[in-house]
Amino acid sequence: MSGKCYKNNFIKKVIAKIDFTNPVELFTPESIAEAVTEIKKRFPIAEQSTASQNQIMISNVGVESSKKEFPEWVFHGADRTKLLKVNQLFIEVLLTKYDSENDFKNDLIVPVSHLLKINPKTTIQRTGIRFVNVFDFNIENFGKSSDYFSKSITGHYSDMSDIEKCSRAFMINEFVYDDVKLRVQSGFFNPDYPATIKRNHFVLDFDAYIDFPHLINNTDEYFKKLHSTIECKFEELITDKLRDNILNG
């Protein structure tokens, strides 16, 4: 993914999630009604269900478990390639098709903006975005991955022994940019795992997040910052050959 306008993208999944610091019990069928009307303009298929949270407590009398149930609202896009889930613990948006940055922001920011009106002082423990790119064109061999992706994440493949016996080859790097944390997973994830790798599909998986308490009405600013952080790292990790021959080919 990138802010640049490429003709092709290999984004298979986008997940944006807001985890509340404490359960937001103000989310009731009555309080959420106005927000639902607006959300359905972008997510027209609405379902109401029940979510649950299991809790385990250890005390001097032993281990006790309990299960708490609460309302959950699930919204789908017209073609079901996107989903929005809301309950008292989190708000989550899942996209299996990424068309443009503007659509992504509208699918995310518009619902949140209407939900935050219910309680604008709600505090968030974690705000995050994850982009999973699967480059499912076939790379000739592991060593050729450096033609398309930075040697910082592919240089070691040319020195790997027993490549023909490899069933998965992944690297994890984590970065801190001021208040943003970024986890980057890259490599050959192997769609046929646990068999050995037969299809050389390369993954760039970015998970950017902020995990200190902040107000829900700051999420617009934070999502833009997270998105920008991922964009910059994506551009850093791909080569001109990938840009010219694959993304714009």
Between Asp178 and Lys225, is there a side-chain N and carboxylate O pair less than 4.0 Å apart?
-> no

Does some side-chain heavy atom of Val180 sit less than 4.5 Å from a side-chain heavy atom of Tyr222?
-> no

Whichever hydrophobic residues join Val176 through chains of side-chain contacts under 4.5 Å = none

Interatomic spacing from CG in Leu115 to CD in Glu34 - rounded to 0.5 Å = 11.0 Å

Report yes or no: is the cationic atom of Lys233 (NZ for Lys, CZ for Arg) under 6.0 Å from the centre of the six-membered ring of Phe206, at an angle within 45° of the ring normal?
-> no

Say you draw a straight line from CD1 of Ile18 to CD1 of Ile91; how long is it, rounded to the nearest 0.5 Å?
-> 4.5 Å

Just wondering, do Phe43 and Pro111 contact through their side chains at under 4.5 Å, heavy atoms?
-> yes

Should we say atom CD of Glu236 is surrounded by more than 12 heavy atoms from elsewhere, each under 6.0 Å from it?
-> yes

For Ser228 and Lys224, indicate whether the former's side chain and the latter's backbone hold a donor-acceptor pair under 3.5 Å.
-> no

Taking C-beta and beyond as the side chain, do Asp205 and Arg130 meet within less than 4.5 Å on heavy atoms?
-> yes

The salt bridge (Lys or Arg N to Asp or Glu O under 4.0 Å) partner of Asp103 among Lys82, Lys97, Arg42 is Arg42

Kindly indicate whether the side chain of Asp220, heavy atoms from C-beta on, has any atom under 4.5 Å from the side chain of Val112.
-> no

Compare all side-chain heavy atoms of Ile118 with those of Val24 and state whether any distance is below 4.5 angstrom.
-> no

List the steps, then state whether side chain to side chain contact (heavy atoms under 4.5 Å, CB included) holds for Arg183 with Ile172.
-> CA-CA 7 Å; Arg183 186 171 192 259; Ile172 299 174; 3.4 Å; yes

Could you walk me through whether Glu38 and Val110 pass the side chain to side chain contact (heavy atoms under 4.5 Å, CB included) test, one step at a time?
-> CA-CA 8 Å; Glu38 295 300 321; Val110 171; 5.6 Å; no

Spatial distance of atom CG (Asn9) from atom CG (Leu247) [nearest 0.5 Å] = 8.5 Å

Least distance between heavy atoms, Tyr157 atom then Ala169 atom | OH-O, 3.2 Å

Side-chain donor/acceptor of His214 to backbone N/O of Phe212, under 3.5 Å = yes

Rounded to the nearest 0.5 Å, what's the gap from CD1 on Ile124 to CG on Asp211? Could you check?
-> 13.0 Å

Assess whether side chain to side chain contact (heavy atoms under 4.5 Å, CB included) is satisfied between Glu164 and Asp162, documenting all intermediate values.
-> CA-CA 5 Å; Glu164 70 280 0; Asp162 295 331; 4.1 Å; yes

Verify the distance criterion only: is there a donor paired with an acceptor across the side chains of Asn102 and Ser100 at less than 3.5 Å?
-> no

CG/Asp99 to OG1/Thr81 distance, rounded to the nearest 0.5 angstrom?
-> 7.5 Å

Atom NZ of Lys13 with >12 non-hydrogen neighbours under 6.0 angstrom = no

Would you check if the side chain of Asn190 reaches a backbone N or O of Ala195 as a donor-acceptor pair within less than 3.5 Å?
-> yes

Sidechain-backbone polar pair: Thr239 side chain, Asp147 backbone, donor-acceptor under 3.5 Å = yes

Okay, side chain of Asp107, backbone of Val93: is any donor-acceptor separation there less than 3.5 Å?
-> no

Looking at side-chain heavy atoms only, is the closest gap between Lys85 and Glu72 below 4.5 Å?
-> yes

Would you say the side-chain atoms of Asn248 pair up with the backbone N or O of Tyr6, donor to acceptor, closer than 3.5 Å?
-> no

Going by heavy atoms in the side chains, are Phe149 and Ile139 under 4.5 Å from each other?
-> yes

Given side chains that start at C-beta, do those of Pro71 and Thr50 come closer than 4.5 Å, heavy atoms only?
-> no

To the nearest 0.5 Å, what is the distance between CG (Leu108) and NZ (Lys17)?
-> 13.5 Å

Hey, would you say the Phe20 and Phe90 ring centroids sit under 6.0 Å apart?
-> no

Take Tyr148 and Phe135 through the ring-ring contact (aromatic ring centres under 6.0 Å, His included) test and state the conclusion after the steps.
-> CA-CA 10 Å; Tyr148 303 99; Phe135 294 89; 9.0 Å; no

Geometric class of the Tyr177/Phe175 ring pair [parallel <30°, tilted 30-60°, perpendicular >60°] | parallel

Using the benzene-type ring in the case of Trp, are the ring centres of Phe131 and Phe104 under 6.0 Å apart?
-> yes

Residues joined to Val134 in its hydrophobic cluster, side chain to side chain under 4.5 Å directly or through other members, sorted by chain and number, are Val132, Phe170, Phe189, Val203

Does one hydrophobic cluster hold both Ile230 and Met171, with members joined at side-chain heavy-atom distances below 4.5 Å?
-> yes

